[in-house]
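Order of listing sets the numbers, starting from 1, for every ligand and every atom in it. Since the structure is predicted, the reported quantities are computational estimates derived from the model, not experimental observations. Positions are given from 1, in the same order as the sequence printed here.
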Amino acid sequence: MLLPQKHTGADTTIFSVMSALAAAHGAINLSQGFPDYPIDTRIQQLLKEATAQGFNQYAPMPGLPVLTEQIARQKNRQLNLRVDPSNITICPGASYGIFVTLATVLSKGDEVIILEPAYDAYIPAIEINGGIPVAVPLNYPDFSVDWDRLKAATNAKTKAIIVNTPHNPTGTIWSAADWQQLGALVAGREIMVISDEVYDQIVFDGAKHHSVLQEEALKDQCVAVFSFGKQFHATGWKIGYTIASATITKAIRKVHQFIAFSVNTPAQYALGMFMQQFPDEDSCALLNSKRNLLNQLLAETPFKILQPAAGSYFQVADYSQWKDMPDKEFAQWLTKDAGVATIPLSAFYQHGTDNKLVRFCFAKEDATLRAAIDKIKAKL
Ligand code: PMP
Ligand code: GLN
């Protein structure tokens, strides 16, 4: 067959679908996770400086040293680690980081466990690389891990587990105790833990991000994946990175060098220089106040918040007291009729589980959030 079916995911991702629907109907777009406010002007300036100073040719395959050094410094300070720049591989986005890790470790027929709801790129990435996704549901409604179910899902064919904290779409975060549980379950078995930590710099209410990299028991069988898109509110820059042991990093690079080889040099320079010049910048306070604002505004509507997001760009809310319709239909109606686009949570489940929930992205100007809730209130 000229064009075989490579995966069972959507023909068009829910993010493209909802953003297009929002544009077609002139709706306020709280669906796809991207900020509507400008990036830091100092980063813009550094990008100009990079091209002017001649950072326009291939970067070294693993990444530009100014950037990998700054990442190591930041991680070591925040997480009390001893990451060396040589453990870091700069990638064209975190999705690629996950994909290249799967491409590195999977053989045909290997099983990969995901915890649902799960970011929609995981299942296609597993399948394209010959793996078989095994979805384990998180507990409802607090989205904590059901450790017994997770344990029961592991077997001799399990090659990897993908976890995500802070979590998209639910905004939950893992504690050190969660990592210990996972360590006790898989340490020493031939199971790779792929930890999607793209929202590591966005945690709220004074909470701390806990990384797989801090779990000693998993250090020889984990890859942590991060994204600058979220950290610097520049999702269009599409730069991320993996951190892993020397052995795993070597294996990942053996694959990476023949797919992407290296990543946009001027952008790496700008990010590295920014982190060097402004080492204490973080986004927690800004996004924390946006989460608070959205939740305060949602309280004036029939939406019910199961729990405030502890991290990420997203708040999940239950609309069942307001409308009795499936979540995809509700999200379409809300976009077309009320003028506010969200993401239906069933899109994050392999078999479309529908708990009557939608996801709001609050990485938006306060005025955008206020205008969106005004539109919702006008439909009550
Ligand atoms: N993982 C999660 C949980 C995400 O929300 C996203 C979306 N940004 C990604 C991975 C992909 O990140 P990137 O844009 O850097 O590929
Ligand atoms: N991560 C973003 C979200 O969850 C979307 C990224 C994309 O559109 N592929 O909304």
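Less than 4.0 angstrom separates some heavy atom of K230 from each of these atoms of ligand 1: 7 (C), 8 (N). Near V198, meaning under 4.0 Å from one of its heavy atoms, ligand 1 places the atoms 1 (N), 2 (C), 3 (C), 4 (C), 10 (C). Residue G93 has at least one heavy-atom neighbour below 4.0 Å for each of these atoms of ligand 1: 15 (O), 16 (O). The contact set between ligand 1 and S227, taken as ligand atoms under 4.0 Å from a residue heavy atom, comprises 13 (P), 15 (O).
Residues K377 and E300 are paired through a salt bridge, judged by an N-O separation under 4.0 Å between the basic side chain and the carboxylate. Under the 4.0 Å criterion applied to side-chain N and carboxylate O atoms, E197 and K75 are not assigned as salt-bridge partners. Between R291 and D205, at least one side-chain N (NZ, or NE/NH1/NH2) sits under 4.0 Å from a carboxylate O, which counts as a salt bridge. Electrostatic pairing of K151 and D146 does not count as a salt bridge here, judged by no charged N lying under 4.0 Å from a carboxylate O.
Within the 4.0 Å heavy-atom criterion, the part of R359 lying near ligand 2 is the side chain and not the backbone. With a 4.0 Å cut-off on non-hydrogen atoms, N168 touches ligand 2 through its side chain and not its backbone. When heavy-atom distances to ligand 2 are checked against a 4.0 Å cut-off, F314 comes that close only through its side chain, counted from C-beta outward. If you look at I239 next to ligand 1, there are no close heavy atoms at all, none under 4.0 Å. At a heavy-atom cutoff of 4.0 Å, ligand 2 is contacted by the side chain of K230 but not by its backbone. Here F228 has no heavy atoms under 4.0 Å from ligand 1, in either its backbone or its side chain.
For atom 1 (N) of ligand 1, the nearest protein heavy atom (residue, atom name, distance) is D196 OD2, 2.5 Å. If you check which protein heavy atom lies closest to atom 1 (N) of ligand 2, you get Y119 OH, 3.3 Å. The nearest heavy-atom contact from the protein to atom 9 (C) of ligand 1 is Y119 CE2, 3.6 Å. With respect to atom 8 (O) of ligand 2, the closest heavy atom belonging to the protein is Q32 NE2, 2.7 Å. In terms of protein heavy-atom proximity, atom 11 (C) of ligand 1 is closest to S95 OG, 3.1 Å. Given atom 2 (C) of ligand 2, the protein heavy atom at minimum distance is G33 N, 3.9 Å. The closest protein non-hydrogen atom to atom 14 (O) of ligand 1 is K238 NZ, 3.1 Å. In terms of protein heavy-atom proximity, atom 12 (O) of ligand 1 is closest to A94 CB, 3.6 Å.
Around the CG atom of N155, the shell of radius 6.0 Å holds more than 12 heavy atoms that belong to other residues, nucleotides or ligands.
Clustering of Ile, Leu, Val, Met, Phe, Trp and Tyr side chains at separations under 4.5 Å places L2 together with L3.
For Y313 and Y199, the gap between ring centers is short of 6.0 Å.
For the ring-ring contact (aromatic ring centres under 6.0 Å, His included) test with F232, the passing option among Y37, W237, F274 is F274; the others fail. A side chain to side chain contact (heavy atoms under 4.5 Å, CB included) with L271 is found for one member of V66, L67, L64 and no other, namely L67.
If you check the side chains of S245 and T247, you find no donor sitting under 3.5 Å from an acceptor.
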